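Quick caveat: nothing in here was measured; it's all calculated off a predicted structure.
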Amino acid sequence: MKRSLVRRVTISLPFLLVAGAEARAGFVNWSYNWSRVPADVISADAFGTSKISLTDEPLGRATNSSDIVATNIRTFSDSPVTHPNKFLDSAYSLTLRLTDEASGQTGTLTFTGVFNGTLSKGSANISTRFTSATTQQLILGENEYTVTIGDYSPPGPPGINNAGSIGATVAVRTLTNPPPDSDPPGGSPNDTPEPATLLLSGLGLSLMGVASWWRYGKK
């Protein structure tokens with residue numbers, strides 16, 4: 001009977017340790033918003049003016065890895081179809097401000113690109129090319145955020161309901177050993193034992209007590 005009790009506790013130990021590790025790995029909540037410069041990318045000549053308008057995305061929230069929209073794109077023009085305005089490496093930038101909600105830490109990433117193509121009041125042929133790295137990273141609190149921009153849906157001609165867009169993907173990974181500058185006020189995360197460590201210590205003491213009790217009972 002006593003030997004069976006020790007055996008059951010020993011067999012249960014790995015499962016309890018796994019449960020302690022899973023308890024530490026919760027959901028990662030973060031918030032974000034995008035800003036753009038300029039608001040309108042403009043091309044003008046003797047026949048008229050055309051512009052590519054970029055929206056300023058409001059505050060959004062997400063949990064764990066997610067796709068997000070960096071900006072919506074619309075076109076405006078009074079140039080005739082026979083003489084469309086031309087965009088040649090017309091520059092713009094999109095800046096992501098991202099906040100890790102658990103730590104309250106905030107960081108920014110800026111992506112730059114150019115528009116090329118033609119635009120008139122009846123047609124739109126606009127492409128984009130990124131001139132900065134399309135994948136950039138931030139470490140905020142105990143989490144690493146990897147942002148990849150590049151999902152491009154070109155805008156249609158002026159006056160249509162559906163907008164074009166530029167999208168991004170944010171991949172979130174919890175770090176095993178976060179950098180020192182992400183330590184919370186009052187001390188390093190290493191100052192407090194991990195849940196799995198506390199569980200192991202407690203179970204170790206319990207097992208020692210059970211083993212002593214079993215040996216004592218045999219006398």
Side-chain angles (χ1 to χ4, degrees), residues 12-39 54-73 91-114 128-153 163-204:
S12 301
L13 178 58
F15 297 99
L16 293 172
L17 288 176
V18 170
E22 289 179 348
R24 183 180 183 275
F27 294 110
V28 178
N29 298 309
W30 46 281
S31 59
Y32 68 95
N33 72 287
W34 289 87
S35 58
R36 78 286 190 244
V37 176
L54 306 176
T55 61
D56 196 358
E57 290 298 295
L59 180 69
R61 287 183 169 81
T63 299
N64 295 345
S65 300
S66 180
D67 294 326
I68 58 177
V69 175
T71 187
N72 287 316
I73 308 170
Y92 66 92
S93 68
L94 299 169
T95 297
L96 170 64
R97 180 180 176 86
L98 196 153
T99 300
D100 178 80
E101 295 196 351
S103 66
Q105 293 184 3
T106 296
T108 59
L109 299 173
T110 297
F111 301 87
T112 59
V114 294
T128 192
R129 174 173 57 84
F130 292 98
T131 54
S132 65
T134 54
T135 297
Q136 301 182 37
Q137 290 181 329
L138 283 172
I139 294 178
L140 303 173
E142 296 187 358
N143 302 302
E144 177 187 77
Y145 295 84
T146 301
V147 183
T148 301
I149 200 168
D151 293 332
Y152 176 66
S153 178
S165 66
I166 296 175
T169 298
V170 181
V172 183
R173 181 174 70 93
T174 298
L175 301 174
T176 304
N177 296 305
D181 58 359
S182 66
D183 292 348
S188 165
N190 293 329
D191 294 341
T192 302
E194 301 250 354
T197 303
L198 291 172
L199 180 62
L200 180 59
S201 299
L203 286 173

[atom1]/[X] to [atom2]/[Y] distance, rounded to the nearest 0.5 angstrom?
X: D67; Y: D151; atom1: CG; atom2: CG; answer: 6.5 Å
X: R97; Y: T110; atom1: CZ; atom2: OG1; answer: 11.5 Å
X: L98; Y: W30; atom1: CG; atom2: CH2; answer: 5.5 Å
X: E57; Y: N33; atom1: CD; atom2: CG; answer: 9.5 Å
X: E101; Y: S31; atom1: CD; atom2: OG; answer: 4.5 Å

- Start with the C-alpha gap between S153 and S165, add the side-chain angles, then the distance that decides, and say whether side chain to side chain donor-acceptor pair (under 3.5 Å) holds. CA-CA 5 Å; S153 178; S165 66; 4.7 Å; no

Provide the closest heavy-atom pair for [X] versus [Y] in the form atom of the first, atom of the second, distance.
X: L140; Y: G107; value: CD2-N, 3.9 Å
X: Q136; Y: A133; value: NE2-O, 3.2 Å
X: P38; Y: A91; value: CD-O, 3.8 Å

Residue set satisfying side chain to side chain donor-acceptor pair (under 3.5 Å) with S65, at least two apart, ordered chain then number -> none

Between N143 and the options D100, N64, N29, the side-chain hydrogen bond (donor to acceptor under 3.5 Å, both in side chains) test singles out D100

Using the rule given for side chain to side chain contact (heavy atoms under 4.5 Å, CB included), can you reason through F111 versus I166, listing the C-alpha separation, both sets of side-chain angles and the distance that settles it, and then say yes or no?
CA-CA 11 Å; F111 301 87; I166 296 175; over 6 Å; no

Polar contact flag, side-chain donor to acceptor under 3.5 angstrom, [X]-[Y]:
X: Y92; Y: T71; result: no
X: T169; Y: T148; result: no
X: D56; Y: S35; result: no

(message) Before you tell me yes or no, could you show the steps for W34 and I68 under side chain to side chain contact (heavy atoms under 4.5 Å, CB included), namely the whole-Å CA-CA distance, both residues' side-chain angles and the distance that decides it to 0.1 Å?
(response) CA-CA 10 Å; W34 289 87; I68 58 177; 3.5 Å; yes

message = One pair to check against side chain to side chain contact (heavy atoms under 4.5 Å, CB included): T174 and V28. What are the steps and the verdict?
response = CA-CA 8 Å; T174 298; V28 178; 3.7 Å; yes

Would you check if the side chain of T108 reaches a backbone N or O of L96 as a donor-acceptor pair within less than 3.5 Å?
no

Test side-chain contact (heavy atoms from CB on, under 4.5 Å), reference T146, set L138, T135, V172, V170, output is T135

Does the side chain of L175 reach to within under 4.5 Å of the side chain of R173, using non-hydrogen atoms? yes

task = Determine, stepwise, if the pair I73 / L54 fulfils side chain to side chain contact (heavy atoms under 4.5 Å, CB included).
result = CA-CA 5 Å; I73 308 170; L54 306 176; 3.8 Å; yes

